[in-house]
> 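Before anything else, here's the structure in question.
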Amino acid sequence: MTVRTRFAPSPTGMLHIGGVRTALFCWLYARRHGGVFILRVEDTDRERSTDEAVQVILDGMEWLGLKSDEGPYYQTRRMDRYRATLEKLLAESKAYRCYCSKDELDEMRKAQMARKEKPRYDGRCRERTEPRAGVEPVIRFRNPLDGVVEVGDVIHGRVTFQNRELDDLIIARADGSPTYNFCVVVDDMDMAITHVIRGDDHLNNTPRQINMLQALGAAPPAYAHLPMILGPDGAKLSKRHGAVSVLEYREQGYLPEALLNYLARLGWSHGDQEVFSQDEMTGLFDLAQVNKSAAAINPDKLNWLNQQHMLRADLQRLAVELQGQLQRLGVQAPDLVQLQGIVAIQRERAKTLVEMARASRFFFAAPDMYEDKAVAKHIKSETPALLQQFRDRLHALTAWEAPAIHQALEGLCAEAGVGLGKLAQPVRIAVSGGSVSPPIDATLALLGREATLARLDVALAHFGSGAQ
RNA sequence: GCUCCCAUCGUCUAGAGGCCUAGGACGGUGCCCUCUCAAGGCAUAAACCCGGGUUCGAAUCCCGGUGGGAGCGCCA
C-alpha cells in the first residue's frame, strides 16, 4: 500500500515553527517510503481564515522546499461532500439533530464542573424525534456509549479510551456548516490517508475520529502524534518567542535546509549525527526514532547548524543570497564573482546571512568613521609611517593577490621589526573602519587595489596629522 | 475537576536489562592555532524526577507519587 500523508494547517494564524515541523515529518515520511504527501488547507472557520494566511502557508512551504504531491485541497471547496456524508449519517441514525441552545449547554457544563465531572454533552436530544419550534438544530455524532477505542499510535504505542468518556460531538453547526473533527474524518477517508502525522494536542480527538471513521465504514489510518515544540524558555510557543512566521527565518538569514535540519532533530534522531543533508534526512527518517516528550527550541543550536549548512552550501547560491541581504541594507553588489569570494571567507565567521551581510558591508562602502576603541588601541604614533610604507609597497605590487599582499605585509613587518598585528590592525581599521575583518591579505585582495589604496590614503590623511 | 500524554547534562538527544565509570551535539570554561574576528583541534564542568517492586543485574520492565503538558467549543 502506498504511504499517503497529509499536512493540514488551518489558515487562521501564521505558519509557525511547530507547524513546519509537522509538515516536515509528514513530508519526510512520505519521501522515505516512496509515498504521497498531500497539502490540505483546513479553512472551515470562515470567521478567522484569511487569504493572507493561506498565502503565507504556500510561500513558507515553497521556501522550505516541502513540495506536495497532491493539493493544496481546500475544505471550503468540499462542502457538498460533507453535506452528503452528513445526510448519510443522519439517514442511518448514526447522527442526530440537537436542539439545545447554547445557554442550555453552558448551564449543563457549569453544573458538571460543579460536580467535578468532565464537562460534556449529556445526550438529551439523542432520542428526540420532534423538532423544537424556532430552533435551527446542530447535528451531533452518535458516539457509542460503551466499550473502548484503541488508537494505534506509531510513537505512543496503543492508547485506549473509554467510550463513556466521550460525548456526542457537534459535526455540523446550526447554519449547516460542518465542523473540524468531521471534515478531518471525511477528508482523511476520501484522500485515503494511511498515516496521520500531527501534533499530540490531537491525541484526545483521535478516538472520536476513529468512531466516526467506523460509522462511515472506513478503516482507521495509522497515527503518529508528535510531541509539542516549546519556546526557548520551555513555555508554550508564542509570539513572544521571536519569529512568528517561518518566512521571518528567511528574512533573518537562515537557510531552509538548516531550519529543516534543526527541526528534524527536535524529536527525531539518528544516533549521534547532527548535520543532515536533505538526502540524508529523506533516506534515514523514520517515525520509530521519534521520541515522545516535548522539546524546547534552542536558537544557539539553530545558529550553529545554519553556519554548518552555509559551510557546505554552494558558493554561487550563497552569493546570490548575500546579494539579496546586502540589498536590504541598501548596498548594491552586482559583481557575483566578488561576492563568491566574500562568501568564501565570511561564511566561517557568520551564523546567518544577515550577519554576513553586515560584516561584509565595508567591501562596498568606505568607512565613514573609525571606531574609537579600535583607534585608541591600534593607532600609535609610529603607525602613519608604517601605513605609508605599506601603501607604497602595495602600490608597487604587480599581482594583486592575497599571497603577494601577505608577502608585502610580512616583509615590511620584518624589516620594521614589529609583529604582524602592528600593521594588520591599522590597515584593517583604515579599510573597514573597525578592528574585525577576515584575514587582511584576503580582505585587501577582494577589496581591490584601487579601493584599498584610496582608503589607505584617506586614513593617512586622517591619522597622519591627527596622531601625535 | 475529569480523561489522555510525557519525564536522561542549562538545551537537543544516544541509550530498546549487563557494552554505562551514562555517549554525542549546542551553549559554558580552559588551552592550542593566530594579523583581528571566526572556523578548526584538544581538554573540562554538567543529567538518568522521587519511592517501591521484578531480576543475579535497571536509565532501560511494572506500580505509586511528584512535576509538566494536552483535551474537555456551534475553534482548528
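Just so it is clear: chains get the letters A, B, ... in the order the sequence lines come, proteins before strands, and each one is counted from 1. Every heavy atom of this structure was used, including side-chain atoms; hydrogens, water molecules and symmetry mates were not.
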> Rounded to the Å, how far apart are A:Phe276 CZ and B:U13 P?
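Interatomic distance, CZ of A:Phe276 to P of B:U13: 12 Å.
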> Can you tell me the base-pairing partner of B:C2? Count Watson-Crick or G-U wobble geometry only, both distances below 3.5 Å, and say none if there is no partner.
B:G71
> Quick one: A:Asn306 CG to B:A39 P, roughly how many Å, whole number?
13 Å
> What is the distance, to the nearest angstrom, from the CG atom on A:Leu305 to the C1' atom on B:C12?
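About 10 Å, once rounded to whole Å.
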> Considering every strand and a 4.0 Å limit on heavy-atom distances, what is the contact class for A:Lys351: base, sugar-phosphate, or nothing?
sugar-phosphate
> Assess whether one donor atom and one acceptor atom, taken from the side chain of A:Asp200 and the base of B:A70, lie less than 3.5 Å apart.
no
> Distance between the P atoms of B:C49 and B:U13, in whole angstroms?
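B:C49 and B:U13 have their P atoms separated by 15 Å.
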> Searching all strands shown, indicate the nucleotide that pairs with B:A59 (Watson-Crick or G-U wobble; both distances under 3.5 Å).
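Checking every strand shown, B:A59 finds no partner, since no pair has both distances under 3.5 Å.
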> Taking only the P atom of each, what is the distance from B:U60 to B:G53 in whole angstrom?
14 Å
> Could you tell me how far B:C62 sits from B:A22 if I compare only their C1' atoms? Round to whole Å.
23 Å
> Charged N to carboxylate O below 4.0 Å: is that the case for A:Arg115 and A:Glu117?
yes
> Looking at B:C42, which nucleotide sits across from it as a Watson-Crick or G-U wobble partner, both distances under 3.5 angstrom, or is there none?
B:G30
> So does A:Arg317 pair up with A:Glu257, basic N to acidic O under 4.0 Å?
yes
> B:G40 base to A:Glu348 side chain: any donor-acceptor pair below 3.5 Å?
no
> Does a nitrogen or oxygen in the side chain of A:Gln308 sit under 4.0 Å from OP1 or OP2 of B:G40?
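So the side chain of A:Gln308 is within the cut-off, an N or O lying under 4.0 Å from OP1 or OP2 of B:G40.
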> The test is side-chain contact (heavy atoms from CB on, under 4.5 Å); show your working for A:Met108 and A:Gln112 and say whether it passes.
CA-CA 6 Å; A:Met108 189 191 302; A:Gln112 286 163 331; 4.0 Å; yes
> What contact category does A:Val138 fall into here, base, sugar-phosphate, or nothing, at under 4.0 angstrom with non-hydrogen atoms?
base
> For the pair made of CG in A:Asp233 and P in B:G69, what is the distance, rounded to whole Å?
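These atoms are roughly 12 Å apart.
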> Starting at atom CG of A:Asn163, determine the distance to atom C1' of B:C4, rounded to an integer number of angstrom.
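Taking CG of A:Asn163 and C1' of B:C4, I get 14 Å after rounding.
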> Looking across every strand, which nucleic acid part, if any, lies under 4.0 Å from A:Ala295 by heavy atom: base, sugar-phosphate, or nothing?
sugar-phosphate
> So which one's nearest nucleotide on RNA chain B is more toward 5', A:Leu302 or A:Ser177?
A:Leu302
> Taking atom C1' in both B:C31 and B:U8, compute the distance separating them and give it to the nearest angstrom.
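Straight-line distance between the two C1' atoms is 30 Å.
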> Measuring centre to centre across the rings, with the benzene-like ring taken for any Trp, is A:Phe463 within less than 6.0 Å of A:Tyr370?
yes
> For residues 106-120 of chain A, which residues have at least one heavy atom under 4.0 Å from RNA chain B?
A:Arg109, A:Lys116, A:Glu117, A:Lys118, A:Pro119
> Taking the six-membered ring for Trp, are the ring centroids of A:Phe25 and A:Trp268 within less than 6.0 Å of each other?
no
> side-chain contact (heavy atoms from CB on, under 4.5 Å) for A:His16 and A:Leu237? Distances and angles first, verdict last.
CA-CA 9 Å; A:His16 57 78; A:Leu237 212 51; 4.1 Å; yes
> About how many Å separate OG of A:Ser10 and CD1 of A:Ile57, when rounded to the nearest 0.5 Å?
7.0 Å
> Among the nucleotides B:U13, B:A25, B:C74, which one has an atom lying closest to any side-chain atom of A:Glu274?
B:A25
> Taking any heavy-atom pair under 4.0 Å as a contact, classify A:Glu136: base, sugar-phosphate, or nothing.
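A:Glu136: no heavy atom of the nucleic acid under 4.0 Å.
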> When the C1' atoms of B:G40 and B:C33 are compared, how many Å lie between them, rounded to an integer?
8 Å
> Which part of the nucleic acid does A:Gln307 contact within heavy-atom distance under 4.0 Å: base, sugar-phosphate only, or nothing?
sugar-phosphate
> With rounding to the closest Å, how many angstrom separate the C1' atoms on B:A59 and B:A14?
12 Å
> If pairing requires Watson-Crick or G-U wobble contacts with both distances under 3.5 Å, which nucleotide is the partner of B:C35?
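In the structure as shown, B:C35 has no Watson-Crick or wobble partner.
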> Given that both distances must come in under 3.5 Å, which nucleotide forms a Watson-Crick or G-U wobble pair with B:U21?
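Base-paired to nothing in any strand shown.
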> Could you list by number each residue of residues 425-448 of chain A showing a heavy-atom separation from RNA chain B of less than 4.0 Å, or answer none if no residue does?
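Correct list: A:Gln425, A:Arg428, A:Ser435, A:Val436, A:Ser437, A:Pro438, A:Pro439, A:Ile440, A:Asp441.
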> What interatomic distance, in whole Å, is found between P of B:A39 and the corresponding atom of B:G27?
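Between the two P atoms, the distance is 8 Å.
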> Is it possible for you to check whether A:Arg40 lies under 6.0 Å from the centre of the six-membered ring of A:Phe7, through NZ or CZ, and within 45° of that ring's axis?
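No, A:Arg40 does not sit over the ring of A:Phe7.
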> Counting distance only, does the side-chain N/O of A:Arg349 pair as donor-acceptor with the main-chain N or O of A:Ile345 below 3.5 Å?
yes
> So which nucleotide does B:C9 pair with, by the Watson-Crick or G-U wobble rule with both distances under 3.5 Å?
none
> Using atom C1' of each nucleotide, how far apart are B:U11 and B:G28 to the nearest Å?
12 Å
> What contact category does A:Asp167 fall into here, base, sugar-phosphate, or nothing, at under 4.0 angstrom with non-hydrogen atoms?
nothing
> Any Lys/Arg nitrogen of A:Arg347 or A:Glu355 sitting under 4.0 Å from an Asp/Glu carboxylate oxygen of the other?
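No, A:Arg347 and A:Glu355 are not salt-bridged.
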> Does A:Gly267 reach a base, just sugar-phosphate, or nothing at all? Heavy atoms under 4.0 Å.
sugar-phosphate
> For a side chain to side chain donor-acceptor pair (under 3.5 Å) with A:Arg208, tell me which candidate from A:Asn143, A:Asp168, A:Asp167 qualifies.
A:Asp167
> Using only heavy-atom distances, decide whether a donor-acceptor pair under 3.5 angstrom links the side-chain of A:Asp272 to the base of B:G23.
yes
> Describe the nucleic acid contact of A:Glu42 in one word from base, sugar-phosphate, nothing, applying a heavy-atom distance below 4.0 Å.
sugar-phosphate
> Mark yes or no for whether A:Thr443, through its side chain, and A:Pro438, through its backbone, hold a donor-acceptor pair below 3.5 Å.
yes
> Which part of the nucleic acid, if any, lies within reach of A:Tyr262 when heavy atoms closer than 4.0 Å are counted: base, sugar-phosphate only, or nothing?
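Nothing: the residue A:Tyr262, judged by heavy atoms under 4.0 Å, touches no strand.
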> Just to confirm, is there a sub-4.0 Å distance from OP1 or OP2 of B:A14 to any side-chain nitrogen or oxygen of A:Ser269?
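The answer is yes; a side-chain N or O of A:Ser269 sits under 4.0 Å from OP1 or OP2.
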> Looking for any heavy atom pair under 4.0 Å, which part of the strands does A:Ser49 touch: base, sugar-phosphate only, or nothing?
nothing
> Using a 4.0 Å heavy-atom cut-off across all strands, classify A:His202 as base, sugar-phosphate, or nothing.
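Base contact.
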> Using 4.0 Å as the upper bound for N to carboxylate O, is an ion pair formed by A:Arg120 and A:Glu165?
no
> Closer to the 5' end of RNA chain B via nearest nucleotide, is it A:His378 or A:Gln289?
A:Gln289
> Compare the minimum distances between each of B:C12, B:G71, B:A76 and the side chain of A:Asn204, then state the nucleotide with the smallest one.
B:G71
> Using only heavy-atom distances, decide whether a donor-acceptor pair under 3.5 angstrom links the side-chain of A:Lys292 to the base of B:C6.
no
> Using atom OH of A:Tyr223 as one end and atom C1' of B:C4 as the other, report the distance to the nearest whole Å.
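To the nearest whole Å, that distance equals 16 Å.
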> Measure NZ/A:Lys301 against P/B:G24 and give the value in whole Å, please.
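The answer, rounded to whole Å, is 13 Å.
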> Kindly indicate whether the side chain of A:Leu86, heavy atoms from C-beta on, has any atom under 4.5 Å from the side chain of A:Phe182.
yes
> Within the 4.0 Å heavy-atom criterion, would you say A:Lys102 contacts the bases, only the backbone, or no part of the nucleic acid?
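Result for A:Lys102 = base.
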> So what does A:Asn205 hit on the nucleic acid, given a heavy-atom distance under 4.0 Å: a base, only sugar-phosphate, or nothing?
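Base: the residue A:Asn205, judged by heavy atoms under 4.0 Å, touches a nucleobase.
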